[in-house]
Enquirer: 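Encoded as structure tokens, here's the structure I'll be asking about.
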2 protein chains.
Amino acid sequence: MIRETIVLVKKDNVHAYVQAYEYIRDRILNGELERGTKLVEERLAEEIGISRTPVRESIRKLEQEGLIKQKRVVNPSDMDLRHIFQVRILLEGFAARHCASFMTEEALVKLKECVDIGSTGNTEEVMSANNEFHDIIVGATNNPMMIDIIDRMQSIIYLFRKTVVYHKRPFLIEEHHDIYKAILLHNGDEAERLMKEHLQNDLEFCLNRMETQQ
Amino acid sequence: MIRETIVLVKKDNVHAYVQAYEYIRDRILNGELERGTKLVEERLAEEIGISRTPVRESIRKLEQEGLIKQKRVVNPSDMDLRHIFQVRILLEGFAARHCASFMTEEALVKLKECVDIGSTGNTEEVMSANNEFHDIIVGATNNPMMIDIIDRMQSIIYLFRKTVVYHKRPFLIEEHHDIYKAILLHNGDEAERLMKEHLQNDLEFCLNRMETQQ
DNA sequence: TTTTTAAAAAATGTATACAAAATTATAAAA
DNA sequence: TTTTATAATTTTGTATACATTTTTTAAAAA
């Protein structure tokens, strides 16, 4: 009861630029703002009900993060995706190896849960569990720099996933399961190898679907 | 003559937020703004001779890039440096391996030049050549994402280098030479291994010097 | 003395205004 | 018709004003 009130008050007090940031980010990620769309400060300001100043600020932030480029929603090419994955494979490969040696018990349990939801959950749940699988592994490095870099890349990758019926990608759950198992058995070499292979498959699936669709 | 005029005109027309960005960045990197210093928008605006609006924008950009944190010049800890290097070692290790297979002839020549300046140049030249050595290798990946990430990290690392008499680090030139040689001989494994070792040494040198100084 | 409290000052977040630049629409020429 | 030139419109970059929040300072209480 009290908590609810606090939350509501807080929500009102949230800085306009945070509102703007979240509003624009959401609309980009859920596809309402299509790739290539020009973002006009004044129109967005009106839509959100604030002035241009905080809208500007949030656009600049999203520009830094890579979701906006030259006032337009990014429209990454095949090549961009390849480049992103080249980095991702290096970092997440390392993360998986790291997990095989240093992962906590709780994290391992959560990881297992994510794998299981892969076969028991509905589309929504599976999607979310799959993302969490990677987040847990990356998070276990306890390296904020690494976490931040991957987070940023993931939101760009998400733009591709949308257009792609990603949850239907074959073998995805099996691959997650194998990675989990290698980590469980403290087999770092194998965990890294499997993660890299897994992400390579992801990339290829995305690229293929793009060709088919566009 | 004509060119000079154009440059001057251009310089005048440069957006205020670019001026602000460069001004603040320079002052952070050359140490005039010490680590931990609070950045006050109005004071900077006055100093540069513009209004707060573009100053704000540039501060936000630098915040995204990691040189400013919560309105203060970053003051990275030992741990931060370790985390940065953990990522750097992965990416530059890969870059070195990549170079062993795919580097152009010109790039190789330039790389050799950098190594040579290491023994013939003055302090200034050596410092700059050492930085270029890494830039060339990373640049050869042709992966803008990777280049961007490393660039960003390097400016934070630079904050440490300043306080440290970096050009005197033992074996640095020799290590660069060995990496160059491995690349020249198309020995990817060795290039990667040596690069990782080299960066690890860099990290440890920085950490040691920090302890001594502070 | 150290700790609290109240007042003053400084700094930030946001709105608004306006000139310069970029874009779009319209009319004239090829 | 297409192309070019001009005018109208939109959009951006910057300055400025002001209310709210944060920080600092000074005074009072413990």
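Note on naming: letters A, B, ... go to the chains in the order of the sequence lines (proteins, then strands), and numbering restarts at 1 for each one.
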Enquirer: Report the C-alpha separation of B:N122 and B:E124 in whole Å, then their side-chain angles, then the decisive distance to 0.1 Å, and conclude whether the side chain to side chain donor-acceptor pair (under 3.5 Å) test is met.
Expert: CA-CA 6 Å; B:N122 59 38; B:E124 194 86 354; over 6 Å; no
Enquirer: Would you work out how much the helix from C:dT1-D:dA30 to C:dA30-D:dT1 bends between its ends, with each end axis defined by five base pairs, to 10 degrees?
Expert: 30°
Enquirer: Return yes when atom CD of B:E204 has more than 12 non-hydrogen atoms of other residues, nucleotides or ligands closer than 6.0 Å, and no otherwise.
Expert: yes
Enquirer: Is A:E65 salt-bridged to A:R152, going by a charged N under 4.0 Å from an acidic O?
Expert: no
Enquirer: So, the side chain of B:H83 versus the backbone of B:M79: is there a donor-acceptor pair under 3.5 Å, distance only?
Expert: yes
Enquirer: Measure from the side-chain heavy atoms of B:E42 and tell me the nearest of C:dA15, C:dT12, D:dT14.
Expert: C:dT12
Enquirer: Are the side chains of A:E132 and A:E113 in touch, meaning some heavy atoms are under 4.5 Å apart?
Expert: no
Enquirer: Taking the basic N atoms (NZ, or NE/NH1/NH2) and the acidic carboxylate oxygens, is any pair closer than 4.0 Å for B:R169 and B:E175?
Expert: yes
Enquirer: May I ask you to decide whether B:E192 forms a salt bridge with B:K196, counting only side-chain N to carboxylate O separations under 4.0 Å?
Expert: yes
Enquirer: Could you work out which one of C:dT12, D:dT12, D:dA15 sits closest to the side chain of B:E41?
Expert: C:dT12
Enquirer: In this structure, how many angstroms lie between the P atom of C:dA10 and the CG atom of B:L39, rounded?
Expert: 19 Å
Enquirer: Return the polar atom pairs (N/O with N/O) between nucleotides 8-10 of chain D and the protein under 3.5 Å, or none.
Expert:
none

Enquirer: Side chain of A:T53: nearest nucleotide among C:dA15, D:dG13, D:dC18?
Expert: C:dA15
Enquirer: To the nearest Å, give me how far apart CZ (A:R43) and P (D:dT11) are.
Expert: 7 Å
Enquirer: Does C:dG13 have its OP1 or OP2 closer than 4.0 Å to a side-chain nitrogen or oxygen of B:K71?
Expert: yes
Enquirer: Between atom CZ in B:R72 and atom P in C:dA11, what is the gap in whole Å?
Expert: 12 Å
Enquirer: Figure out the OH/C1' separation between B:Y21 and D:dG13, and round it to whole Å.
Expert: 19 Å
Enquirer: Just how far, in rounded Å, is C1' of D:dA15 from CD1 of B:I50?
Expert: 11 Å
Enquirer: Can you find a heavy atom in the side chain of B:M146 that is under 4.5 Å from one in the side chain of A:L90?
Expert: yes
Enquirer: Has B:D202 got a side-chain atom pairing as donor or acceptor with B:L199's backbone, closer than 3.5 angstrom?
Expert: no
Enquirer: Report yes if the side chains of B:M103 and B:H98 come closer than 4.5 Å at any heavy-atom pair, otherwise no.
Expert: no
Enquirer: When the distance from NE2 of A:H15 to C1' of C:dA15 is rounded to whole Å, what number comes out?
Expert: 15 Å
Enquirer: B:I59 CD1 to D:dT14 P: how many Å, rounded?
Expert: 15 Å
Enquirer: Look at B:S51 and D:dA15 and indicate whether a side-chain polar atom (N or O) is within less than 4.0 Å of OP1 or OP2.
Expert: yes
Enquirer: Using atom CD of B:Q70 as one end and atom P of C:dA11 as the other, report the distance to the nearest whole Å.
Expert: 18 Å
Enquirer: Between B:K38 and B:G49, who's closer to the 5' end of DNA chain D by nearest nucleotide?
Expert: B:G49
Enquirer: On DNA chain C, compare the nucleotides closest to A:Y17 and A:R52; which residue's is nearer the 5' end?
Expert: A:Y17
